[in-house]
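To start, the structure under review is shown below, and the notes come after it.
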Amino acid sequence: MTEVAFSLTLALLALAPLAIAGMALINTGLGRSRSAAQALLGSLIILAVSTIVFAVAGAALTGNLPGAPGGAGYVFQFAGKPWNWAGSAAPFMGGFGAAPPQAQLVLLFEFLAVSMAALIPWGSGADRWRLSAGCAAAAVLAAVVFPLTAHWVWGGGWLAQSGVNFGLGAGFLDGGGAAAVHVLGGLSALAVVWIAGPRKGKFPKEGLSTAMPGHNAVYILFGCLLALVGWVAWNLAGAILWLHAPLTSLTVTAINTLLSAAGALAATFAVTRIRFGKPDASLCANGWLAGLVASCAAAGLVTPMESLFIGLVSGIVTPLTVELLELALSIDDPAGAIAVHAASGLWGLFAVGLFAPLPGQLLAQLVGIAPLLGLVLPLVYLLFWLLNRALPFRVDPDGERIGMDLHELGGGAYPEFVIHRDESYR
Amino acid sequence: MRGLGGAPIQAGALEFIKSSSDAPSAIERPGTDFVPKAAHNCHTGTAAQVFRASGRFRKGRAMKYAGLLVMPAGFFLAIAALVLFPAPGPRVAFVVCGLAVEALGLAVAVRGHMEVRGGRP
């Protein structure tokens, strides 16, 4: 890595936390006003916990220290092929100082990625997920699940090596973290809402589900703008680090990210306008995010028109998935993380196989999707289920009724505002 | 009681605290893992209602776990395709079958979740 590339990647990684900030604002805005302070404080504390746990334990399993990606790991031989399933670096970030500059950048990228992955389910558990349980879940993700997934995808694990070992294109490609960050986060969100259950009054015994709109559209939409800056930086840094893209090709990656988000927003705007008579602000925000998520996998590998198409599909599918999950499948996901992160992330990964000009790449992407659904979701559900036994996820009914701010923090986010009684509790 | 920054909490907020008599019953908050335990204490439903809710809960929970167990089977099918079939045609077919099994497991788990929450369509 040249000095210019190093400096540029470092600068991009300094901007990437804006994506996390945008996500935190969106999650807060999509929750209710009486849980706003808990939601934003939760985002911060989850970021802190996941960073600490990853530094202490998780980084060792990613296999990026010491040395460059593709280094040593836990390997077993099966059918004459090596299966590298976990990294084997020293815990407590041992060897970090002696690692080459690129490996240090890789680890910085992973620090941001683990924070983002741990933050995604927090929005889905809004208004009923206890702060301590959210922190514990973030610790579990940062210590075990994210490092394993990141190692498979980025750290020279069996998915990254599938091109060499099984002749599957260039191996599983995921430049911006669609798999290791967003699909993992989205599937964790599904596990959380399954375990914690819906918000009180969300699904009455008779009739349709109760609408519980987000409390602040300005937070949501401003979060989208912040997220764009962070996402462009994130995808550019990922293209340099994981796809080894030349610096001259980065403009296309940035344009692809923008086009994917723009296409998704336009499509969601049109879909909600047609279905509801007026465009829906929170669903449009979800569409915008879905386009950004889909671009994570594809932005560094496709043409601008293909990226626009990927975004358009994301934008059409996202509001329909949100509706399907809530109305047909009785899944209460206030932030829409399952539709936005899991579904769009999977679509982005599949789209890479569809459009990347490499023979065998589609199969590589399908093989990469298989462990996400078949291994990661059951593993996360099992870990969260066990965690829920020790540290219940759901707040008690009184806490849910008075709001998470009063219950957990002792004070509201908007103390000078009049808080109206919630009709759904009668 | 004082809020963030020492500001007092409004009377409207305290209404939530005072009205504790409408605490949610177990049957009203299905979908959580706490339903069967609380269902026995439910004072709003008859014994038959409690029995039906509890039976539906057990069936749904079993479906959810069965679905989650089927999903790794799909993953191993996809991996087996890489090992067993060097030719691209059968390999693609087996990987797609593995993904289909995973999707089936997910569908069963989701259906189980719906059963747990009370059989709403």
Side-chain angles (χ1 to χ4, degrees), chain A residues 34 37 78-79 81 162 165-168 194-198 200-201 203-205 209 328-332 360 362-363 366-367 369-371 373-375 377-378 381-382 385 388-389 392 394 397-398 400-403 405-406 409-422 425-426, chain B residues 1-17 19-20 22-24 27-35 64 68-69 71-79 81-84 86 88 91-92 95-96 98-99 101-103 105-106 109-111 113-114 116-118 120-121:
Chain A
R34 60 188 184 212
F78 178 63
K81 305 284 185 190
S162 60
N165 291 336
F166 300 103
L168 302 179
W194 268 348
I195 290 168
K200 169 79 179 89
F203 298 115
K205 278 182 278 188
S209 64
L329 304 181
S330 305
I331 289 173
D332 181 18
L362 180 58
L363 189 56
L366 290 177
V367 168
I369 288 169
L373 283 176
L375 222 53
L377 175 59
Y381 185 84
L382 173 69
W385 183 83
N388 184 46
R389 298 280 142 184
R394 194 179 181 107
D398 273 346
E400 195 177 351
R401 192 164 58 253
I402 65 175
D405 285 356
L406 275 178
L409 307 181
Y414 312 101
E416 72 274 27
F417 292 174
V418 174
I419 301 171
H420 298 285
R421 185 185 176 87
D422 191 333
Y425 282 86
R426 285 182 177 166
Chain B
M1 187 180 292
R2 302 189 81 77
L4 283 178
I9 304 292
Q10 279 70 29
L14 293 175
E15 275 185 32
F16 298 130
I17 303 170
S19 60
S20 58
D22 58 351
I27 298 204
E28 283 172 329
R29 47 190 296 260
T32 73
D33 284 351
F34 308 108
V35 170
K64 190 190 278 188
L68 287 167
L69 282 174
M71 295 175 79
F75 164 69
F76 288 118
L77 198 59
I79 293 301
L82 296 183
V83 176
L84 297 175
R91 196 181 251 192
V92 171
V95 169
V96 170
L99 288 170
V101 169
E102 288 180 356
L106 184 61
V110 168
R111 182 66 203 162
H113 171 75
M114 290 165 66
V116 167
R117 8 169 358 266
R120 286 180 81 256

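Convention: sequence-line order gives letters A, B, ...; per-chain numbering from 1.
Listed here is the closest heavy atom pair of Ala328(A) and Met114(B): O-CE, 3.2 Å.
A search for side chain to side chain donor-acceptor pair (under 3.5 Å) contacts involving Asp332(A) returns Arg199(A), not counting sequence neighbours.
Here CG of Leu329(A) is found 8.5 Å from NE2 of His113(B). Values are rounded to the nearest 0.5 Å. If you take CD on Glu102(B) and CG on Leu375(A), they are separated by 8.5 Å, rounding to the nearest 0.5 Å. The distance from atom CG of Leu68(B) to atom CH2 of Trp385(A), rounded to the nearest 0.5 Å, is 12.0 Å. Phe166(A) CZ to Arg91(B) CZ: the interatomic distance, rounded to the nearest 0.5 Å, is 7.0 Å.
Both the backbone and the side chain of Ala109(B) have a heavy atom closer than 4.5 Å to some heavy atom of chain A. Using a 4.5 Å cut-off between heavy atoms, Leu168(A) contacts chain B through its side chain alone, with no backbone atom that close.
Here Leu82(B) is the residue among Leu82(B), Val83(B), Val110(B), Val95(B) with the most heavy-atom pairs under 4.5 Å with chain A. No other option in Ala81(B), Pro72(B), Gly98(B), Ala78(B) has as many heavy-atom pairs under 4.5 Å with chain A as Pro72(B).
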